[in-house]
Amino acid sequence: MKTDRFFLTDQHDWQVVEPGIQRKIIGSTEQLMAVCVKFSKGAIGKAHQHELHDQIGYVLQGAFEVVIANETRILSPGDAFIAPRLTLHGAVALEHDSQVLDLFPPRRDDMLGE
């Protein structure tokens with residue numbers, strides 16, 4: 001698989017994940033993936049867990065109510081969450097165009113086929 005060395009946002013369209021949620025895959029290697037996810041106000045990232053992947057989410061803009069293993073926090077730009085694999089987590093966007101940068105080791109191959 002060819003890996004681009006640069007990501008130029010204007011050359012990539014947002015992919016609709018579900019109503020109110022879009023993403024851009026910024027880049028990946030076999031061992032790491034970075035994804036920017038944009039939420040409309042009130043959009044819900046349903047509670048889920050990953051079998052193979054840890055996840056770190058870094059808030060770029062807007063605000064989120066994030067739940068990780070029954071603990072809830074409001075996160076703003078510069079804040080982050082850590083959801084180790086097999087840990088239930090979810091989020092609700094509190095502002096329009098809230099964005100989070102998600103990091104996954106290893107790469108989420110399930111995202112590449114869409």
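- Judged by distance alone, the side chain of S98 and the main-chain N or O of A63 form a donor-acceptor pair under 3.5 Å.
- P77 is linked by a side-chain contact (heavy atoms from CB on, under 4.5 Å) to V59, counting only residues two or more places apart in sequence or in another chain.
- Side-chain atoms of D97 and Q61 include no donor-acceptor pair closer than 3.5 Å.
- Side chain of S40 to backbone of A43: no donor-acceptor contact under 3.5 angstrom is found.
- D102 contributes atom CG, which lies 11.5 Å from atom CD1 of I25 (distance to the nearest 0.5 angstrom).
- In this view, E30 and R107 satisfy the side-chain contact (heavy atoms from CB on, under 4.5 Å) rule, not counting sequence neighbours.
- Summarising the geometry of C36 relative to L101, their closest heavy-atom pair is N-CD1, 4.3 Å, with the distance given to 0.1 Å.
- Ring pair F7/H12 is parallel by interplanar angle, where below 30° counts as parallel and above 60° as perpendicular.
- Residue pairs meeting the salt bridge (charged side-chain N to carboxylate O under 4.0 Å, His left out) criterion with at least one member in residues 59-86, sequence neighbours excluded, are E71-R73.
- With rounding to the nearest 0.5 angstrom, the CD atom of Q49 is 12.0 Å from the CD atom of Q55.
- Through side-chain heavy atoms spaced under 4.5 Å, either directly or across other Ile, Leu, Val, Met, Phe, Trp or Tyr residues, I44 is tied to V92.
- One hydrophobic cluster holds both I21 and M111 under the rule that ILVMFWY side chains link at heavy-atom gaps under 4.5 Å.
- Partners of H53 by side chain to side chain donor-acceptor pair (under 3.5 Å), not counting sequence neighbours: none found.
- For L32, the CG atom is densely surrounded, since the number of other residues' heavy atoms within 6.0 Å is greater than 12.
- No side-chain heavy atom of L86 sits less than 4.5 Å from a side-chain heavy atom of H50.
- Remark: the backbone N or O of H48 is paired with a side-chain donor or acceptor of H89 at under 3.5 angstrom.
- Hydrophobic cluster membership differs between V66 and L60, with clusters built from Ile, Leu, Val, Met, Phe, Trp and Tyr side chains linked at under 4.5 angstrom.
- Within the model, atoms CZ of F81 and OG1 of T87 stand 11.5 Å from one another, a figure rounded to the nearest 0.5 Å.
- Below 30°, between 30° and 60°, or above 60°: for F64 and F39 the angle between ring planes is above 60°, a perpendicular geometry.
- In this structure, V37 is a member of the same hydrophobic cluster as L112, with clusters built from ILVMFWY side-chain heavy atoms closer than 4.5 Å.
- Among all heavy-atom pairs drawn from P84 and D54, the shortest one is CA-OD1, 3.4 Å.
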**Prompt:** Between K24 and V35, is a side-chain contact (heavy atoms from CB on, under 4.5 Å) present by the stated rule, with each step listed?
**Reply:** CA-CA 6 Å; K24 287 186 182 185; V35 182; over 6 Å; no
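- Residues satisfying the side-chain contact (heavy atoms from CB on, under 4.5 Å) criterion with Q22, sequence neighbours excluded, are W14, V16, K38.
- Taken together through direct or relayed side-chain contacts under 4.5 Å among Ile, Leu, Val, Met, Phe, Trp and Tyr, Y58 and F104 form parts of separate hydrophobic clusters.
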